[in-house]
Number of protein chains: 2
Amino acid sequence: MHGEADDNERETRSGRNMIEIIRTMRAELRKSDRKVADVVLKDPQRILNATVGETATLAEVSQPTVLRFAMAIGCRGFQDFKIRLAQSLAFGTPATHSVLLDTDDPETVAEKIFEYTMTSLDWARSHLDRAALRKAIDILAQARTIEFFGFGASGIVARDAQQKFPLFGVPCGAQLDSHQQIMIASMMKQGDVAFVISNTGTTRSIIEIARVARANGAAVICLTGSDSPLASYSDVALIVETLENTNMYTPTISRIAALVVIDILSTSVAMRRPLEDQARIHNMKRQLSDIRKVQPI
Amino acid sequence: MHGEADDNERETRSGRNMIEIIRTMRAELRKSDRKVADVVLKDPQRILNATVGETATLAEVSQPTVLRFAMAIGCRGFQDFKIRLAQSLAFGTPATHSVLLDTDDPETVAEKIFEYTMTSLDWARSHLDRAALRKAIDILAQARTIEFFGFGASGIVARDAQQKFPLFGVPCGAQLDSHQQIMIASMMKQGDVAFVISNTGTTRSIIEIARVARANGAAVICLTGSDSPLASYSDVALIVETLENTNMYTPTISRIAALVVIDILSTSVAMRRPLEDQARIHNMKRQLSDIRKVQPI
DNA sequence: GGTTTTATGTAATTTTACTACAAAACGGAG
DNA sequence: CTCCGTTTTGTAGTAAAATTACATAAAACC
């Protein structure tokens, strides 16, 4: 039988996103199995509440074919397939289906953007390099000072990071102006960390920042959207892949994924701190919340 | 039988997050049903690949009891229950299980924060007031100028919004300084929109901004985390509920949910624009990406 | 064109989910 | 405390679904 030998391998695979798996495997499926794949891709939600028999009717094939299809894509059976499919569909319709249309009303736009954001985050999670993350945390935890660099949307991320990290006793700066950036970068020295944020990773001035900071002995961590030129000038490259496409309506998800990575870094660094420091942070937070309620900052 | 009359009502409910539903309904369940609820809550992943019989054995009850349990929590049957449970579990372990521990390694921290962020976004989505959203879009689409106000983490959101909206031909400002805020707010007039961002919604100075702007005839939209005092000074209150808890390690999710709402608003406003404007935005984006690759901004 | 291999459907079998009914537990009223 | 009504839970049976075995049809290879 077809694909029998591969089953074991497939069962140990990450097991994520059936839709994606079906779509990539569609070409190498049997003719009849492809019919089943098509009805699943066409309306996955429908299949969730369907039996083998119903699915067979929809695909115009026999019941065992539906079973064989489930096996072929690496499931233990039809039930197992439905469970996995359900999990893949939890974010609602998969990203490719949620392209914004001019005719969408606000409710639909909201649903689609939420879904798109969550799907993208899920994607970013599964593609994040854990080794790089660990290395970045090591460097940040030992930093004397940290400078965050970024333009535009990445500037927002830099500023956010700069608001977070000082809480853990490390002096931080965020440079968003081109000239300031070069100045600060050229003043950095061993023990300092330059945290360079750029979604494209191709902006020339930002690459220059990384080069200068590194030449002066500072450690360079970059947070970027793909394996870009910037990465080669960095000690650690945190690559946050997202599903960003060119559709003009598609909002920029990259900054959100970047913010989550900043959360992870700051939290992990905080956890390395001695307990007394953590208590101090706790106090600061409480004071801040007291201030908020009584008097403006 | 118990709960029979409610079934119809429950079937029409949002249908999201079984875990949450089970936990809240646990108290009002039958004694035996509670046993089933407990084994489900203890290891939901286990139940996904279990049959009615296995579940019954695990819970030390009879098979029909498992069925009745599924009915009691509003499912059509055991299959339906498993499908729904699978969808709830797609984010991995539910938020309440993903409390950060001092002993967690970076990989675990990353997983938990991603999960927590996604779960919270999902929560925010399901609790967002669609009517308020629609009203906010109406107001923003007709605005002559928009001013965004925010402190601290909310300041980040304000700045992000200010970077997005000008793309659609509406002049925008972001005020992050207390004195500037009051100045700008008192200069606003009819046709202007004050977009006030505050997670707590209790900071006094930010409430003052809303009051002043409104007194001058400006429309006031607020983006806040709960039905706070700020909401009562606003024409539209966009309440973005999140699962934020007091654990010191828990990162601030509110700003991420707020950013998504900003995305939704800016996208929806853009879609109201005439097509010629949209083409203009497209051009601007292309120019920007050209600049990025060749020369620093 | 015949033979081997692969793909698909038919029919039987097993498993699973669900239902009807009866026994047990519970709760009040006399 | 005992009787009766209600609710809860289990036993046994039934219907339906998933899975398997086998046979036939199609394709590929010589």
Side-chain angles (χ1 to χ4, degrees), chain A residues 1-8 10-11 18 22 25-40 44 46-86, chain B residues 1-8 10-11 18 22 25-40 44 46-86:
Chain A
M1 194 180 284
H2 176 273
E4 197 101 75
D6 304 334
D7 280 359
N8 279 334
R10 291 221 180 84
E11 272 173 32
M18 279 323 283
I22 296 172
M25 291 190 65
R26 186 181 176 283
E28 52 180 293
L29 285 175
R30 301 182 201 92
K31 200 160 18 133
S32 301
D33 286 4
R34 211 171 302 154
K35 284 188 196 172
V36 182
D38 290 341
V39 299
V40 174
R46 171 75 186 82
I47 304 300
L48 287 188
N49 298 69
T51 66
V52 176
E54 289 172 304
T55 311
T57 309
L58 284 170
E60 294 174 316
V61 294
S62 69
Q63 298 197 9
T65 300
V66 175
L67 267 291
R68 280 188 285 257
F69 161 78
M71 299 295 197
I73 59 171
C75 299
R76 259 189 282 273
F78 188 70
Q79 294 281 17
D80 185 45
F81 163 69
K82 283 214 298 184
I83 296 293
R84 288 173 192 233
L85 185 66
Chain B
M1 193 178 282
H2 176 272
E4 197 101 77
D6 305 333
D7 280 0
N8 280 336
R10 286 215 185 89
E11 273 173 32
M18 280 324 282
I22 296 172
M25 290 189 66
R26 186 181 176 283
E28 52 180 294
L29 286 175
R30 294 186 275 271
K31 193 153 29 114
S32 301
D33 286 4
R34 211 172 301 153
K35 284 188 198 171
V36 183
D38 289 342
V39 299
V40 174
R46 171 76 186 80
I47 304 300
L48 287 188
N49 300 67
T51 66
V52 176
E54 290 173 303
T55 311
T57 310
L58 284 170
E60 294 176 316
V61 295
S62 69
Q63 298 197 10
T65 301
V66 175
L67 268 290
R68 278 187 287 255
F69 161 77
M71 299 295 197
I73 58 172
C75 298
R76 258 188 285 271
F78 188 70
Q79 295 279 18
D80 185 46
F81 164 69
K82 282 214 298 184
I83 296 291
R84 289 174 191 233
L85 184 66

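A, B, ... follow the sequence lines: proteins, then strands. Residue 1 opens every chain.
Distance check, rounded to the nearest 0.5 Å: CE of B/Met25 to CD of B/Glu28 gives 4.5 Å.
Judged by distance alone, the side chain of B/Glu54 and the main-chain N or O of B/Thr51 form a donor-acceptor pair under 3.5 Å.
The side chain of B/Ser32 sits closest to D/dT9 out of C/dA17, D/dT9, C/dT19. In the set D/dT19, C/dA11, C/dA17, the nucleotide with an atom closest to the side chain of A/Pro64 is C/dA11. The side chain of A/Gln63 approaches D/dT19 more closely than any other nucleotide in the set D/dG10, D/dT19, C/dA7. Comparing C/dA7, D/dG10, D/dT8 by their closest approach to the side chain of B/Ser62 singles out D/dG10. Across C/dG9, C/dC26, D/dA18, the shortest atom-to-atom separation from the side chain of A/Val61 is found for C/dG9. Each of D/dT9, D/dT20, D/dA27 was ranked by its minimum atom distance to the side chain of A/Met71; first place goes to D/dT20.
When rounded to the nearest whole Å, the span between NZ of A/Lys35 and C1' of C/dT8 equals 10 Å. Computed from coordinates, the B/Phe69 CZ to D/dG10 P distance equals 15 Å when rounded to whole Å. Going from atom CZ of B/Arg68 over to atom C1' of D/dG10 covers 8 Å, rounded to whole Å. If you take CZ of A/Arg30 and C1' of C/dA7, they are 7 Å apart, rounded to a whole angstrom. Atom CZ in A/Phe81 sits roughly 17 Å away from atom P in D/dA17 (whole-Å rounding). Following rounding to the nearest Å, A/Leu67 (CG) and D/dA17 (P) show an atom-to-atom distance of 14 Å. Between the P atom of D/dA17 and the CG atom of B/Asp80 lies a distance of 14 Å, rounded to the nearest Å. Atoms NZ (B/Lys82) and P (D/dA18) sit 11 Å apart, rounded to a whole Å.
Interface residues of residues 48-57 of chain B facing DNA chain C, ordered by number: B/Thr51, B/Val52; criterion, heavy-atom separation under 4.0 Å.
In plain terms, the two heavy atoms of B/Ile22 and B/Ala37 that are nearest each other are CG2-CB, 3.8 Å.
Checking each of B/Arg84, B/Lys82, B/Arg76 against B/Asp80 for a side chain to side chain donor-acceptor pair (under 3.5 Å) leaves exactly one that passes, namely B/Arg84. A side-chain contact (heavy atoms from CB on, under 4.5 Å) with A/Phe69 is found for one member of A/Leu67, A/Thr65, A/Ile73 and no other, namely A/Ile73.
Each of B/Lys31 and B/Gln79 was matched to the nucleotide of DNA chain D holding its nearest heavy atom; the match closer to the 5' end belongs to B/Lys31.
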side-chain contact (heavy atoms from CB on, under 4.5 Å), that's the test. Do A/Ile47 and A/Phe81 meet it? Break it down for me. CA-CA 10 Å; A/Ile47 304 300; A/Phe81 163 69; 4.1 Å; yes
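Considering only heavy atoms from C-beta on, B/Met18 comes within 4.5 Å of B/Cys75 through its side chain.
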